[in-house]
**Student:** 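Just passing along the structure, written as structure tokens.
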Number of protein chains: 2
Amino acid sequence: MATIEDVAKLAGLSRTTVSRVINKHPYVSSAKKDLVLQAMEELGYVPNSSARSLRNQKTGVIAVFIPRVMNPFFSQLIETLEIAASLSHYQLLVCQTQYSAEKELTYLQLLKVKQVDGVILASFENEWSKIEPFLEYGPIVLCNEFEKNARVPMVLLDQAYGGYIAAKHLLENGHTAIAYCCGSYRSNVSKAREAGFRKALAEYGVPFQEELAFRNAFQVEDGKRVFQQLAAKAKKPTAIFTGSDEVAAGLIAEAKRNHWVVPDDLAVIGFDNQIITELIEPRITTVHQPVQDMAKKAMDIMVSQLASKHSVKQEVHKFQLELVIRESTNKVLVNL
Amino acid sequence: MATIEDVAKLAGLSRTTVSRVINKHPYVSSAKKDLVLQAMEELGYVPNSSARSLRNQKTGVIAVFIPRVMNPFFSQLIETLEIAASLSHYQLLVCQTQYSAEKELTYLQLLKVKQVDGVILASFENEWSKIEPFLEYGPIVLCNEFEKNARVPMVLLDQAYGGYIAAKHLLENGHTAIAYCCGSYRSNVSKAREAGFRKALAEYGVPFQEELAFRNAFQVEDGKRVFQQLAAKAKKPTAIFTGSDEVAAGLIAEAKRNHWVVPDDLAVIGFDNQIITELIEPRITTVHQPVQDMAKKAMDIMVSQLASKHSVKQEVHKFQLELVIRESTNKVLVNL
DNA sequence: ATGAAAGCGCTAACAA
DNA sequence: TTGTTAGCGCTTTCAT
């Protein structure tokens, strides 16, 4: 593998000049520049990445933490983040924490050992106080997460509003026995969403029924499980708010298998407006999240933090959600 | 940020000794070792990743090339690869080529500049002759791809068999006008699958009808489009083989919107046994692919190539596919 | 406009 | 068992 030294020799110039050409510095006569370019070409030279990283104290790599890739919400996030990173000439390192606080801490070492320049946290399991110290080693941006105490930029979706409009929609349709279902128990995303949900209920004088609350539902399978639990209740709800389209889809599938009619026997509302909401029957009412906008913004912020070593401060960017009404909550058939 | 030098000073020892402790070399008295450990602890020292990479000529990072993350097949691949990489203490860099040969070549530079130790190609767009030269810079493993001329390990699914059993299933159900639908036109995956498909047809004396062949169908939207094209034909098929569950799902959705009954008016078979196949109605007959096994094997091979600088040679690992029969091809209702 | 030389942080050959 | 020292390949002062 050719080094900068080899190029310099071949061109009959110094390493410095070659380096100047590589980095497009001024003050290189075009004659010498051509000489260098030619030598580089001839040797098939490319600058060694580790050497540059060591010298420049930066790697050009950004890590993103997610629980797992196989969750349409996070896949979409990753996809958009990778494209955005690439446009700014960064590489994206994907770290799956698998909802494990320990794994998260291990991955955070990447920042400390300077294997990555910054970290985008699209979920976190540890107390913020455990994460905070890593800020010393590089920027951290929260994406789809909120933490009151964190003096870092955070981009997020207005989950409280999402919970609110979803609940309100069910309430407007006359439901008073509404089940609630969410994913990660103690994430701030869940908490905000639940707060919005409760707020709408309160406005309609409908109580939140803890016995109709299901936690830790993430996937299709969980949706099926939730249906079984719900069907076993003495006092059954007439509607259910789920925190995810996958859960809603699983729930509806199971409901149909048990000869329940959605939405007549049970109205179901999802979250995230994934493609699946338009494929199953009835199509799922859901809340659209501008995931791509959020991802782009997060990468934007990360890249500019990396460019200008500005002071770290709290900074909140909120994106708005939108209700998408379909047949899983609506008896009127909109089909075709 | 503390360096090895700082640790050495604090411990009153040499950098070498500290390095030995870091790398768990023998010949360090436990007294000195404790001294070093204590100094490291006190300074919160961690070895700098770029420096090690430069010195050791390896980064601990493996790149994986896929067209895009938001495709359940590739999400699953990425998820499994990342877990496997992590277990072997490697990081995974995700590169989305977006079906662009040019992007692919750009990303391949990662190997040349030594930003990654190896590349797992889970799809490729360029002629192999364009990729081959990069082998000089690090190992390449094909995953879910086949290339006759490539002197590299490849792990793959028996696509020919997959096409064969799918077609055979339709033929056994009495279909003779069978449409064919695939994704990437010229990938070897597609070619093998089509070959298997054609073989089954030939065995039943049924001709392959080029006017019922649809290429470049990847997503739900494409499935919808294919339905429209198909419905416009004068001679309509009674069954269709699609190269993906998403396409099948889109096709079925569109068929239903147009009041076609699946499978009576049109039998549909998917590919990959994604979760969606069990959620829509009718549930989709499909071909199960052991993606996780394949991904693990690919990472296994990559890691061992990286460990032992063995000679690069061709090496094929094939995984078997399996037909999963559901209602989209079968009039008998298996439901419940 | 160009070059000499120091040094980013680490490891390993060699010496002791 | 421990230390000295020479780089890994690059960028950047500082001189010229």
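Lettering of chains follows the sequences in order, A, B, ..., and the numbering in each one begins at 1. Small disclaimer: the values here were computed from a predicted structure and weren't measured. Computed over heavy atoms, backbone and side chain alike; hydrogens, waters and symmetry mates excluded.
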**Student:** Between atom CE in A:Met40 and atom C1' in D:dC10, what is the gap in whole Å?
**Tutor:**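 After rounding, the gap between these two atoms is 13 Å.
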**Student:** Looking at A:Cys95 and A:Ala63, what are the two nearest heavy atoms and their distance?
**Tutor:**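 So the two residues come closest at SG-CB, 4.2 Å.
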**Student:** Got A:Leu110 and A:Val119 here, is their nearest side-chain heavy-atom distance under 4.5 Å?
**Tutor:**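 They are not in side-chain contact.
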**Student:** Please determine whether side-chain contact (heavy atoms from CB on, under 4.5 Å) holds for the pair B:Asn48 and B:Thr3, giving the CA-CA distance in whole Å, both sets of side-chain angles, and the decisive distance to 0.1 Å.
**Tutor:** CA-CA 8 Å; B:Asn48 178 293; B:Thr3 73; over 6 Å; no
**Student:** Is there a side-chain contact between A:Tyr99 and A:Glu125 (heavy atoms, below 4.5 Å)?
**Tutor:**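 Yes, at least one pair of side-chain atoms sits under 4.5 Å.
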**Student:** Five pairs per end, C1' atoms only: what is the angle between the end axes of the helix from C:dA1-D:dT16 to C:dA16-D:dT1, to 10 degrees?
**Tutor:**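 Taking five pairs per end, the axes differ by 40°.
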**Student:** What parts of residues 10-23 of chain B reach DNA chain D, counting only heavy atoms under 4.0 Å away?
**Tutor:**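 Close to the strand are B:Leu13, B:Ser14, B:Arg15, B:Thr16, B:Thr17, B:Arg20.
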**Student:** Which residues in residues 41-60 of chain A have a heavy atom closer than 4.0 Å to any atom of DNA chain C?
**Tutor:**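 The stretch gives A:Leu54, A:Arg55, A:Gln57 as the residues lying under 4.0 Å from the strand, ordered by number.
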**Student:** Under 3.5 Å, is there a donor on one side chain and an acceptor on the other for B:Ser14 and B:Thr17?
**Tutor:**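 The answer is yes; a qualifying pair exists.
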**Student:** Heavy atom of residues 24-36 of chain A under 4.0 Å from DNA chain D: which residues?
**Tutor:**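 Correct list: A:His25.
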**Student:** Let me know the distance between CE of A:Met1 and P of D:dC8, rounded to the nearest Å.
**Tutor:**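 Taking atom P of D:dC8 as the reference, CE of A:Met1 is at 15 Å.
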**Student:** Between A:Val113 and B:Arg52, is a side-chain contact (heavy atoms from CB on, under 4.5 Å) present by the stated rule, with each step listed?
**Tutor:** CA-CA 10 Å; A:Val113 302; B:Arg52 300 185 100 180; over 6 Å; no
**Student:** Nearest heavy-atom pair of B:Lys297 and B:Phe319: which atoms, and what distance?
**Tutor:**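 In this case the closest contact between B:Lys297 and B:Phe319 is CB-CZ, 3.8 Å.
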**Student:** Can you find a heavy atom in the side chain of B:Gln289 that is under 4.5 Å from one in the side chain of B:Phe73?
**Tutor:**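 In short, these two side chains touch, coming nearer than 4.5 Å.
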**Student:** Can you check the B:Ile4 CD1 to C:dT11 C1' distance for me, whole Å?
**Tutor:**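 That distance rounds to 8 Å.
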**Student:** List for me each residue that meets side chain to side chain contact (heavy atoms under 4.5 Å, CB included) alongside B:Ser304, sequence neighbours excluded, and say none if there are none.
**Tutor:**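 So B:Ser304 forms no side chain to side chain contact (heavy atoms under 4.5 Å, CB included) with any residue.
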**Student:** Does the side chain of B:Ser19 come under 3.5 Å of the side chain of B:Thr16 through a donor N or O and an acceptor N or O?
**Tutor:**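 Note: B:Ser19 and B:Thr16 side chains miss the donor-acceptor criterion.
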**Student:** Could you please spell out the steps behind the side-chain contact (heavy atoms from CB on, under 4.5 Å) verdict for B:Gln91 and A:Tyr107?
**Tutor:** CA-CA 10 Å; B:Gln91 309 303 139; A:Tyr107 278 125; 3.7 Å; yes
**Student:** Will you find, in the side chains of A:Gln115 and B:Ser49, an N or O donor that is under 3.5 Å from an N or O acceptor?
**Tutor:**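 Indeed, the side chains of A:Gln115 and B:Ser49 share at least one donor-acceptor pair under 3.5 Å.
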**Student:** Output side-chain donor-acceptor pairs under 3.5 Å for residues 140-157 of chain A, partner residues at least two apart or in another chain, one line each.
**Tutor:**
unit_1   : atom_1 : unit_2   : atom_2 : d
A:Glu147 : OE2    : A:Asn149 : ND2    : 3.4

